[in-house]
Amino acid sequence: MVGSDLTPGSNGENPKPNTDANPPSENDTTIETLARKVQDSLSVGKKHKFWETQPVGQFKDLGDTSLPEGPIEPPTPLSEVKQEPYNLPSMYEWTTCDIDSEETCAEVYNLLTNNYVEDDENMFRFNYSKEFLRWALRPPSYFKSWHIGVRVKVSKKLVAFITGVPARIRVRDEVVTKAEINFLCVHKKLRSKRLAPVMIKEVTRRVHLENIWQAAYTAGVVLPTPISTCQYWHRSLNPKKLIDVGFSRLGARMTMSRTIKLYKLPESTVTPGFRKMERRDVPAVTRLLRDYLRQFIVAPDFDEDDVEHWLLPTANVVDSFLVESPETHEITDFCSFYTLPSSILGNQNYSILKAAYSYYNVSTKTPLLQLMNDVLIVAKQMDYDVFNALDIMHNESFLKELKFGPGDGQLHYYLYNYRIKHALKPSELGLVLL
Ligand code: MYA
């Protein structure tokens with residue numbers, strides 16, 4: 001199957017299912033899994049000229065349990081943080097991108113739409129919408145200075161981008177404000193010129209200036225050193241289109257009409273009290289989510305402001321539903337997804353794949369399987385082509401049963417300036433990055 005990265009990059013970020021439109025069988029991915037393991041072990045042996053200089057877990061230390069878990073470097077006094085930006089090659093200049101400005105937001109949108117993450121076979125490219133970018137980049141207490149662009153001095157054309165947003169993230173029992181780094185992008189024509197390391201150093205400097213010393217990020221590529229490696233799974237909602245555009249393949253011994261029947265969903269949701277989240281639900285959802293996320297080793301520490309920002313429905317960006325008990329009016333269950341379309345490259349009939357990505361889900365009374373089946377029904381009603389989910393949190397408990405198929409890309413989770421002794425299982429992760 002195609003790339004597996006409906007997250008960034010074939011690098012595991014823009015996912016494609018790796019087999020067919022059949023629900024997965026146990027052996028489906030053996031060869032791909034093996035190939036990937038070989039690939040990944042090669043990258044573990046590879047030199048990382050930049051990453052070897054950074055305070056991140058190093059491959060040479062893998063398995064050395066004498067190294068302590070926790071920050072790798074102590075904070076430095078703010079007066080010792082470099083005050084001037086890093087040097088760029090002389091043709092380029094730094095710019096702070098004002099995402100509130102319609103014009104700048106459009107420039108960022110165009111850069112990413114044409115140059116951001118693709119699947120391994122270059123069939124799909126993430127197409128984050130402008131509304132999505134404004135949402136992702138302006139959470140509570142965000143820093144404008146962390147939205148960093150690079151322009152060509154002469155033409156002022158935007159050619160590279162990287163962002164950070166602050167987030168309180170708990171690792172085991174310590175909550176620390178970290179930067180979540182995302183949207184690293186260098187124009188296709190400027191690749192392999194070592195621009196990315198300068199951008200990473202510059203965002204690091206600006207994060208340090210706010211007295212923040214750690215970061216979290218995900219990538220499809222293997223770098224020193226993942227804290228966990230996850231897989232995307234895909235649930236076909238519009239199998240005919242997915243097959244037509246090469247996202248999935250017709251399974252062996254399957255016809256199109258049998259495939260359509262296989263993925264058919266009920267017209268309406270089944271759980272009594274299932275409804276869209278509203279502003280008045282913020283306190284109850286915050287309580288539910290905080291209680292639930294406690295069980296994971298790495299998870300965000302959401303307060304009500306975070307929940308209002310990240311989970312209150314925003315059209316074409318994020319959708320959240322909950323179950324309100326018809327008897328007690330208690331909020332017992334919650335589920336959500338975000339909207340991240342991909343451009344379909346070079347198809348005559350279709351240009352956009354409409355994808356929903358599972359976000360945070362909590363079940364206390366409604367079985368998770370039933371809750372997620374209801375979300376699939378809603379996503380189908382809303383005309384999504386595919387519903388994607390990582391194998392994190394409790395997602396494994398519903399993926400196969402609800403006819404998700406495994407993708408062919410992996411998504412690696414990383415922490416900057418924080419060592420973890422042993423890699424985590426995906427089910428120990430309670431954090432979703434966009
Ligand atoms: S993940 C999404 C990344 N974006 C894409 O995949 C879009 C398409 N690709 C591109 O635009 C370019 O290929 C990019 C690399 C920009 C990715 N994360 O300039 P180069 C290392 C980290 O010659 P280019 C996301 O946004 C590579 O290993 N490092 O390469 C999260 C090599 O270093 P080393 C990466 O291809 C980002 C060096 O860059 C990545 O022209 C988190 C080569 O540089 C990657 N995805 O540009 C960033 N890809 O020699 C880290 C390549 O050592 C944040 N490289 O192997 C760290 C925390 C910072 C804050 C800390 C605060 C305390």
Side-chain angles (χ1 to χ4, degrees), residues 3 5-14 42-59 71-76 81 86 88-89 92 111-120 122 124-128 133 136-137 143 145-146 148-150 158-167 169 176-227 409-418 433-434:
D5 235 12
L6 288 172
T7 15
S10 166
N11 321 344
E13 287 196 73
N14 203 326
L42 287 177
S43 54
V44 168
K46 199 171 108 185
K47 273 252 163 247
H48 289 281
K49 241 178 159 329
F50 169 64
W51 282 109
E52 281 165 15
T53 68
Q54 297 299 298
V56 293
Q58 297 296 330
F59 291 147
I72 295 168
E73 285 178 355
T76 50
V81 178
Y86 281 89
L88 280 169
Y92 308 105
L111 174 71
L112 297 180
T113 297
N114 296 311
N115 301 277
Y116 201 47
V117 174
E118 299 178 9
D119 67 287
D120 288 329
N122 312 104
F124 306 97
R125 190 186 305 125
F126 280 147
N127 185 206
Y128 287 91
L133 292 170
L137 296 178
F143 301 99
S145 59
W146 293 7
I148 308 171
V150 172
L158 185 70
V159 292
F161 192 58
I162 190 167
T163 68
V165 293
I169 297 176
V176 173
T177 299
K178 301 187 199 302
E180 291 179 350
I181 306 297
N182 203 352
F183 304 115
L184 168 60
C185 182
V186 167
H187 193 286
K188 287 187 175 214
K189 293 205 167 139
L190 300 180
R191 297 273 168 89
S192 305
K193 297 180 187 297
R194 312 298 299 182
L195 216 46
V198 191
M199 302 188 64
I200 294 167
K201 285 194 276 183
E202 181 59 15
V203 76
T204 303
R205 188 185 72 83
R206 297 190 194 192
V207 170
H208 285 167
L209 285 172
E210 303 299 339
N211 201 17
I212 293 171
W213 304 90
Q214 292 168 13
Y217 48 103
T218 55
V221 289
V222 177
L223 305 164
T225 296
I227 59 157
Q410 291 188 312
L411 186 68
H412 308 278
Y413 276 70
Y414 300 93
L415 293 177
Y416 185 94
N417 194 24
Y418 201 92
L433 299 177
L434 305 171

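In each ligand, atom 1 is the first atom listed, and ligand 1 is the first ligand listed.
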Query raised in the report: For Y416 and Q214, what are the C-alpha separation, side-chain angles and deciding distance, and is it a side chain to side chain contact (heavy atoms under 4.5 Å, CB included)?
Result: CA-CA 5 Å; Y416 185 94; Q214 292 168 13; 5.9 Å; no
**Report entry** Test side chain to side chain contact (heavy atoms under 4.5 Å, CB included) applied to V186 and K193, step by step
**Finding:** CA-CA 10 Å; V186 167; K193 297 180 187 297; over 6 Å; no
Requested in this report: Evaluate the criterion side chain to side chain contact (heavy atoms under 4.5 Å, CB included) for residue pair V203 and I181; output intermediate values, then yes/no.
Outcome: CA-CA 9 Å; V203 76; I181 306 297; 4.1 Å; yes
Requested in this report: Kindly indicate, with the supporting measurements, whether the criterion salt bridge (Lys or Arg N to Asp or Glu O under 4.0 Å) is fulfilled by R206 and E210.
Outcome: CA-CA 7 Å; R206 297 190 194 192; E210 303 299 339; over 6 Å; no
Query raised in the report: Can H412 and V222 be said to form a side chain to side chain contact (heavy atoms under 4.5 Å, CB included), step by step?
Result: CA-CA 7 Å; H412 308 278; V222 177; 3.4 Å; yes
Query raised in the report: Would K46 and E52 count as a salt bridge (Lys or Arg N to Asp or Glu O under 4.0 Å) if you check the C-alpha gap in whole Å, the side-chain angles of each, and the deciding distance to 0.1 Å?
Result: CA-CA 11 Å; K46 199 171 108 185; E52 281 165 15; over 6 Å; no
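Which parts of ligand 1 touch W213 is read off a 4.0 Å heavy-atom cut-off, strictly below it: atoms 63 (C). For ligand 1 and V186, the ligand atoms under 4.0 Å from any heavy atom of the residue are 10 (C), 11 (O), 16 (C). Each of the atoms 23 (O), 24 (P), 41 (O) of ligand 1 lies under 4.0 Å from some heavy atom of S192. For ligand 1, the atoms lying closer than 4.0 Å to a non-hydrogen atom of C185 are 11 (O). Near N182, the atoms of ligand 1 lying under 4.0 angstrom from a non-hydrogen atom of the residue are 26 (O). Listed by number with element, the atoms of ligand 1 under 4.0 angstrom from any heavy atom of Y416 are 57 (C), 58 (C), 61 (C), 63 (C). Annotation for ligand 1: atoms under 4.0 Å from non-hydrogen atoms of K49 are 34 (P), 50 (O), 53 (O). The ligand atoms of ligand 1 that sit less than 4.0 angstrom from a heavy atom of V207 are 62 (C), 63 (C).
Of the listed options R191, K188, R205, Q54, R191 places a heavy atom closest to atom 13 (O) of ligand 1. Of the listed options K46, K201, E180, H48, H48 places a heavy atom closest to atom 34 (P) of ligand 1. Between the choices Y418, F161, W51, Y116, the shortest heavy-atom distance to atom 21 (C) of ligand 1 belongs to W51.
Between R194 and ligand 1, at least one N/O pair is under 3.5 Å apart. Considering backbone and side-chain atoms together, L195 places an N or O closer than 3.5 Å to an N or O of ligand 1. Considering both main-chain and side-chain atoms, L190 never comes within under 3.5 Å of ligand 1 through any nitrogen or oxygen pair. Any N or O atom pair closer than 3.5 Å counts here, and A196 shares at least one such pair with ligand 1. Between T204 and ligand 1, a contact under 3.5 Å exists for no N or O pair. Checked by distance only, ligand 1 and L223 stay at 3.5 Å or farther apart across all their nitrogen or oxygen atoms. Where the criterion is an N or O separation shorter than 3.5 Å, residue side chain and backbone included, F50 meets it with respect to ligand 1. Considering backbone and side-chain N/O of Y217, none are found under 3.5 Å from N/O of ligand 1.
When heavy-atom distances to ligand 1 are checked against a 4.0 Å cut-off, L184 comes that close through both its backbone and its side chain. Within the 4.0 Å heavy-atom criterion, the part of K193 lying near ligand 1 is the backbone and not the side chain. Residue contacts with ligand 1, taken as heavy atom pairs separated by less than 4.0 Å, involve F183 solely via the backbone atoms N, CA, C and O. When heavy-atom distances to ligand 1 are checked against a 4.0 Å cut-off, Q214 comes that close only through its backbone atoms N, CA, C and O.
Nearest heavy atom pair, residue L88 against residue V150, reads CD1-CG1, 4.1 Å. When all heavy atoms of P166 and T177 are compared, the pair lying nearest together is CB-CG2, 4.3 Å.
Using 4.0 Å as the threshold, N417 has no heavy atom nearer than that to any atom of ligand 1. For P197, the closest heavy-atom approach to ligand 1 falls below 4.0 Å. Distances from ligand 1 to the non-hydrogen atoms of I162 include no value under 4.0 Å.
Using bins of under 30°, 30° to 60° and over 60° for the plane-to-plane angle, the ring pair F161/F183 lands in the tilted bin. Between W146 and F143, the ring-plane angle classifies as tilted under the 30° and 60° cut-offs.
Side-chain polar atoms of T113 and N127 form a donor-acceptor pair below 3.5 angstrom.
For H48 (side chain) and F50 (main-chain N/O), no donor-acceptor pair under 3.5 Å exists by modelled atom type.
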